Amino acid sequence: MATNEELANLLFPDVTETIEDLEARYPSRNLPEGAQVTRFAPSPTGFLHTGSLFTSLISYTVARNSGGVYYVRLEDTDTKRTIEGSGDLLISQLREFGIEPNEGYFPEGDKGDYGPYKQSERRSIYRTVIKELIRRGRAYPDFCTPEDLDRIRKAQEAAKVLPGYYGVYARDRNLSVEERIEKINAGVPWVIRFKSNGDHEKKTKFVDAIRGEIELQDNDTDVVILKSDGLPTYHFAHVCDDHFMRTTMITRGEEWIPSTPIHLDMFRALGWKAPKYAHVPSVMKLDYGNKRKLSKRKDPEAAVSYFLEQGYPPEALKVYLMSIANSNFEEWTIAHKSFDLSAFPFSLKKISFDGALFDQDKLNYFAKEMLAREPLEQEFEAVYSWAKAHDEAFARRIEGNPEYFKKILNIEKDRKNPRKDYAKYSDIYPLIKFFYQDEYEAMVSSPLPFQEKFDRALLSNLLKDAATSMPYGVDEPTWFSAIKEIGAKFGFAASNKDYKNNPDSFVGSLSDVAEIIRVALVGSTQSPNLHEIIEILGKEECVRRMNLVSAILK
RNA sequence: GGCCCGUUGGAGAAGCGGUUAACUCAUAUCCCUUUCAAGGAUACAUUCACGCGUUCGAACCGCGUACGGGUCACCA
């Protein structure tokens with residue numbers, strides 16, 4: 001009578017290693033008590049998803065705060081969906097957010113003692129474990145074709161029972177070893193399935209590090225663990241890899257909760273200690289009144305690259321995501337006047353169970369706060385490197401005169417309440433382009449937004465006067481009283497109160513005077529502090545601009 | 001459909017048997033002000049999806065209903 005041993009050898013003749021060998025090759029990590037080993041395990045199928053960044057932030061924080069390890073493993077077992085170069089892109093985007101794993105797969109090569117960190121390179125490990133499972137009778141080759149499986153599913157539908165490969169529906173589960181050997185020798189294609197001992201009537205419980213105790217039906221389906229292409233399925237690869245890589249906590253999306261019994265079943269069959277699980281909620285979006293997961297296809301904000309391109313400071317997105325993860329983080333930032341994520345006492349227990357709606361307004365708020373507080377030099381570097389990558393024309397402007405741009409960036413920055421009008425780097429240029437002569441001239445070539453009620457000759461004369469009498473290099477109050485005097489010469493009120501009390505005796509208010517000069521200088525009724533702008537523009541340019549507009553108005 | 005998970009204001013949420021139901025964003029109004037961005041002040045859930053129950057007392061405990069999310073692949 002043929003044995004499982006023979007079957008195992010027939011299936012995997014080249015596998016000579018044993019599980020014991022693997023245990024020895026990947027010894028348990030020498031980490032202090034409580035240190036957590038977490039991981040980022042993406043499939044290289046595209047760009048970094050906002051939800052993945054969210055999970056990564058949590059995993060990374062857990063590892064760092066516990067003095068553990070955060071590593072990267074590439075889950076590239078779905079060869080059809082794998083996109084060339086995507087793995088490297090994922091890691092580099094993660095790095096742009098300042099999340100630097102301390103081990104694992106990197107574009108520049110693997111780092112660490114638990115590799116390879118790419119599943120497609122771990123075939124021999126999976127085969128070793130599966131061979132052992134077959135020996136023990138806990139895995140078997142299955143010969144069903146997709147059509148067979150389809151038939152089974154239809155039968156289940158008709159019988160109104162649960163779909164799946166289990167019990168009497170597991171067609172090849174109880175084949176004899178001889179029958180299996182015969183089919184294999186006859187060249188019938190096969191996959192390997194895990195042989196579950198589970199009972200669907202029973203429950204399996206586990207404690208989730210975020211949600212607490214979760215009770216689910218026991219797994220009783222014989223899931224595929226090795227596909228016909230020789231690569232493992234997620235379920236098996238997860239169990240195998242996280243065991244040998246000595247992961248202590250699996251942080252993954254909540255969509256994995258229902259399949260956790262499968263994983264626990266396999267850990268049990270292998271006699272391995274299961275890691276802790278922390279199932280993190282999805283980031284959601286409101287779609288016609290219904291919540292749904294952020295979708296890479298429908299929502300631009302689902303791809304982290306969207307924020308990078310727009311020029312959101314990467315740190316701001318992280319801070320926003322942290323405020324979703326632990327809502328007390330916001331209060332903490334206010335109390336500590338700091339957005340330092342590494343100093344915040346993060347807690348898995350404080351993560352709420354239902355997915356938060358992505359809130360762009362709140363992201364903007366954090367981004368504005370952070371940008372406003374960023375020291376000038378640092379902000380300058382950040383804006384410049386963003387421009388180099390995403391806005392070439394802007395980058396060239398900055399290069400043309402870095403000191404000039406720095407002054408512009410510094411407007412109303414050195415104050416107790418710094419200016420907060422940029423949420424992202426791409427907001428900057430449109431607001432300050434008037435500083436550049438060619439842009440200014442383009443603005444002046446179309447009608448300027450002067451108020452209709454003022455006579456053009458009056459405006460022209462006032463500007464002509466201002467061009468010669470406005471002072472430079474003086475402090476703001478001095479400058480402003482000069483503006484008042486200029487206005488008064490042309491019949492404007494010297495204060496808004498005067499104007500309010502007696503509007504008929506003036507041609508306009510003090511605000512109007514300021515507005516006329518502002519429009520002439522910046523081409524718009526709105527701008528940051530005019531005095532600072534004038535000082536940056538310099539006397540020569542201001543005189544030029546006022547004379548130019550004065551001439552146009554004639 | 002089965003099984004899980006969830007439901008406190010427009011958003012994120014605190015609350016864990018007795019509170020005026022925190023806080024932050026958003027929104028609105030007012031103040032400040034040479035415009036804007038800020039800043040300051042005020043307003044914004046008589047009520048915690050709904051129903052029933054337990055209790056002197058419920059957003060908090062129990063049951064049921066409704067709604068929302070997730071999952072049931074040789075994808076992860």
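Keep in mind that what you see is a predicted model, and the values were worked out from it rather than measured. A note on names: the letters A, B, ... follow the listed sequences, proteins ahead of strands, and every chain is numbered from 1.
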Aromatic ring proximity A:Phe358/A:Phe307, centre distance under 6.0 Å: yes
Side chain of A:Tyr365 only, heavy atoms from C-beta on: which candidate in B:G2, B:A11, B:U24 is closest? B:U24
Using Watson-Crick or G-U wobble geometry with both distances below 3.5 Å, tell me the partner of B:C56, or none. B:G18
Of the options B:A76, B:G12, B:A22, whose atoms approach the side-chain atoms of A:Glu331 most closely? B:A22
Out of B:A11, B:C5, B:A76, minimum distance to the side chain of A:Lys227 belongs to B:A76
Geometric class of the A:Phe454/A:Phe492 ring pair [parallel <30°, tilted 30-60°, perpendicular >60°]: tilted
Using Watson-Crick or G-U wobble geometry with both distances below 3.5 Å, tell me the partner of B:U27, or none. B:A43
Do the charged groups of A:Asp299 and A:Arg292 touch, with an N to O distance under 4.0 Å? yes
A:Asn529 CG to B:U34 C1', straight-line distance once rounded to whole Å: 9 Å
Can you pull every protein N or O that's under 3.5 Å from an N or O on nucleotides 66-73 of chain B?
residue, atom, partner, partner atom, Å
B:G69, OP1, A:Lys291, O, 3.0

Classify A:Ser43 by what it touches in the nucleic acid, base, sugar-phosphate, or nothing, heavy-atom distance under 4.0 Å. sugar-phosphate
Can you tell me if A:Tyr234 touches the phosphate of B:A76, counting only side-chain N or O atoms and a distance under 4.0 Å to OP1 or OP2? no
Not counting sequence neighbours, list each pair that qualifies as a ring pair (Phe, Tyr, Trp, His ring centres under 6.0 Å) and has a residue in residues 139-162 of chain A. none
Picking from B:A13, B:U34, B:C75, which would you name as closest to the side chain of A:Ser327? B:A13
Which part of the nucleic acid, if any, lies within contact of A:Thr45, taking any heavy atom under 4.0 Å across all strands shown: a base, the sugar-phosphate backbone alone, or nothing? nothing
Which one, B:A11, B:A76, B:C4, comes nearest to the side chain of A:Leu357? B:A11
Check every atom of B:C3, B:C23, B:U34 against the side chain of A:Arg518 and return the nucleotide holding the closest atom. B:U34
Heavy-atom donor-acceptor pair, A:Arg173 side chain to A:Ser196 backbone, under 3.5 Å: yes
From B:C74, B:U24, B:U34, pick the nucleotide closest to the side chain of A:Val191? B:C74
Base paired to B:U7 (Watson-Crick or G-U; both N/O distances under 3.5 angstrom): B:A66
Let's see if you can work this out: which of B:G6, B:U24, B:A76 has an atom nearest to the side-chain heavy atoms of A:Lys362? B:U24
dist A:Leu348:CG -> A:His279:NE2 (nearest 0.5 Å) comes out at 12.5 Å
Taking any heavy-atom pair under 4.0 Å as a contact, classify A:Asn364: base, sugar-phosphate, or nothing. nothing
Of the candidates B:C4, B:U24, B:A13, the side chain of A:Ala356 sits closest to B:A13
Mind telling me whether A:Tyr234 and A:Trp256 have parallel, tilted or perpendicular rings, with 30° and 60° as the class edges? parallel
Could you go over nucleotides 38-42 of chain B and give all protein N or O partners under 3.5 Å, atom names and distances?
residue, atom, partner, partner atom, Å
B:G39, OP1, A:Lys420, NZ, 3.2

